[in-house]
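Basis for what follows: all heavy atoms, side chains included, without hydrogens, waters or symmetry-related copies. Note that the numbering runs from 1 along the sequence shown for the chain.
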Amino acid sequence: MKKTLYGIPNCDTVKKARTWLLENGHDFVFHDFKKQGLSRETAARWLAELDWETLVNRKGMTWRNLPDERKALVVDKASALELMLEHTSVIKRPVLEGDGALSVGFSPDAYARLTGAA
């Protein structure tokens, strides 16, 4: 399975991940949340594997700008799924999927382990 890197192009962390993958010779497809959206199936697959609190970035501006009433509704995977589909920018970035692995966020060491480069 080809790797897919999910995120938004102007995110600094996504830029670092893209650069690392290219510099280390990894073939991947970039999926831009802003332009391409996110399918319910993809988000549900991530939530089946990872805790919702890992995927929902509660430190980012999107979360902070949500009304407190909306934030209070996010209490489990089902409610997190709806929020992620409504506001893809609330998803912690980047998400790297492929070769049986799913990773959220970026660090060179973690990517090296995930891709077998370490």
Any side-chain to backbone donor/acceptor pair from Arg64 onto Lys59? Under 3.5 Å, distance only.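 Such a contact is found between Arg64 side chain and Lys59 backbone.
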
Under the 3.5 angstrom rule, does the side chain of Thr88 hit a backbone N or O of Leu85 as a donor-acceptor pair?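 No.
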
Worked verdict on Glu82 versus Arg40 for salt bridge (charged side-chain N to carboxylate O under 4.0 Å, His left out): CA-CA 9 Å; Glu82 296 309 317; Arg40 179 174 291 275; 2.7 Å; yes

Let's go through Thr62 and Asn57 carefully: what are the C-alpha distance in whole Å and the side-chain angles of both, what is the deciding distance for side chain to side chain contact (heavy atoms under 4.5 Å, CB included) to 0.1 Å, and is it a yes or a no? CA-CA 8 Å; Thr62 302; Asn57 182 4; over 6 Å; no

Is [Y] close to [X] at the side-chain level, that is, under 4.5 Å between some pair of heavy atoms?
{"X": "Glu53", "Y": "Arg58", "answer": "yes"}
{"X": "Leu96", "Y": "Thr4", "answer": "no"}
{"X": "Val95", "Y": "Leu5", "answer": "no"}
{"X": "Met61", "Y": "Ser89", "answer": "no"}
{"X": "Glu69", "Y": "Leu73", "answer": "no"}
{"X": "Leu55", "Y": "Val90", "answer": "no"}

Which atom pair, heavy atoms only, marks the closest approach of [X] to [Y]?
{"X": "Arg93", "Y": "Thr13", "value": "O-CG2, 3.8 Å"}
{"X": "His31", "Y": "Gly37", "value": "NE2-O, 2.6 Å"}
{"X": "His26", "Y": "Trp20", "value": "CD2-CZ3, 3.6 Å"}
{"X": "Leu81", "Y": "Ala44", "value": "CD1-N, 3.9 Å"}
{"X": "Glu97", "Y": "Arg45", "value": "OE2-NE, 2.7 Å"}
{"X": "Lys77", "Y": "Leu50", "value": "NZ-O, 3.3 Å"}

Got a second to check how far [X]'s [atom1] is from [Y]'s [atom2], nearest 0.5 Å?
{"X": "Leu114", "Y": "Ser107", "atom1": "CG", "atom2": "OG", "result": "8.5 Å"}
{"X": "Leu21", "Y": "Glu23", "atom1": "CG", "atom2": "CD", "result": "10.0 Å"}
{"X": "Thr115", "Y": "Phe28", "atom1": "OG1", "atom2": "CZ", "result": "12.0 Å"}
{"X": "Lys3", "Y": "Ser103", "atom1": "NZ", "atom2": "OG", "result": "11.5 Å"}

Please test Ile91 against Val104 for side chain to side chain contact (heavy atoms under 4.5 Å, CB included), starting from the C-alpha separation and ending with a verdict. CA-CA 9 Å; Ile91 300 170; Val104 179; over 6 Å; no

Do the side chains of Phe33 and Leu83 join up, straight or via other hydrophobic residues, at under 4.5 Å, putting them in one cluster?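 Yes, Phe33 connects to Leu83 through the hydrophobic network.
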
Does Phe30 have Arg18 sitting over its ring (NZ/CZ under 6.0 Å from centre, angle to axis within 45°)?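 Ring-cation test returns yes.
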
Is Asp27 salt-bridged to Lys2, going by a charged N under 4.0 Å from an acidic O?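 Looking at Asp27 and Lys2, the cut-off is met.
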
Which residues share a side-chain hydrogen bond (donor to acceptor under 3.5 Å, both in side chains) with Thr42, sequence neighbours left out: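 Ser39.
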
Does Lys34, at its NZ atom, have more than 12 non-hydrogen atoms belonging to other residues, nucleotides or ligands within less than 6.0 Å?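 For Lys34, atom NZ is not crowded (no more than 12 foreign heavy atoms under 6.0 Å).
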
Got more than 12 heavy atoms from elsewhere within 6.0 Å of CD, Glu41?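 Incorrect, the count does not exceed 12.
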
Test side chain to side chain contact (heavy atoms under 4.5 Å, CB included) applied to Thr54 and Asp51, step by step: CA-CA 5 Å; Thr54 300; Asp51 186 66; 4.0 Å; yes

Can you say whether the rings of Tyr111 and Phe106 are parallel (under 30°), tilted (30 to 60°) or perpendicular (over 60°)?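 Answer is perpendicular, since the angle exceeds 60°.
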
Which residues satisfy the side-chain contact (heavy atoms from CB on, under 4.5 Å) test with Ala80, sequence neighbours excluded?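 By the side-chain contact (heavy atoms from CB on, under 4.5 Å) rule, Ala80 matches Trp52, Val56, Val74.
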
